[in-house]
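For reference, the structure discussed in these notes is given below.
Start at 1 with the first residue, then count along the sequence.
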Amino acid sequence: MSGGTFMYNFRIYTLRDGSKRIIKLKEGESFKQELQRAGIQETQIFQMQLVEKPD
């Protein structure tokens, strides 16, 4: 039995120190809450990328 493939949105944060944080997005979560969950501050972010990946 094959089920449908679910796609999930992730945000990849590249920080100013060169490290990366990948976080799965949660519906209804604010940007501030997302940063808190990732353990980073907005000033640390060099680049953000939104990606969609299968289950």
- Gap separating the CD atom of Glu52 from the CG atom of Asn9, nearest 0.5 angstrom: 5.0 Å
- Task: Taking the side chain as every heavy atom from C-beta outward, state whether Gln49 and Arg11 have any pair of such atoms under 4.5 Å apart.
- Result: no
- Task: Check for a donor-acceptor pair, side chain of Arg16 on one end and backbone N or O of Thr43 on the other, with a separation under 3.5 Å.
- Result: yes
- Query: So does Glu29 pair up with Arg37, basic N to acidic O under 4.0 Å?
  - Reply: yes
- Please write out which residues are connected to Phe31 in a hydrophobic cluster, directly or through intermediates, given that two of Ile, Leu, Val, Met, Phe, Trp, Tyr count as joined at side-chain heavy-atom separations below 4.5 angstrom. Tyr13, Leu15, Ile23, Leu35, Ile40, Ile45, Met48
- Of all the heavy-atom pairs spanning Gln41 and Gln44, show the shortest one and how long it is. N-OE1, 2.6 Å
- Kindly write out the residues that satisfy side chain to side chain contact (heavy atoms under 4.5 Å, CB included) with Phe10, not counting sequence neighbours, or none if the list is empty. Tyr8, Ile22, Lys24, Val51, Lys53
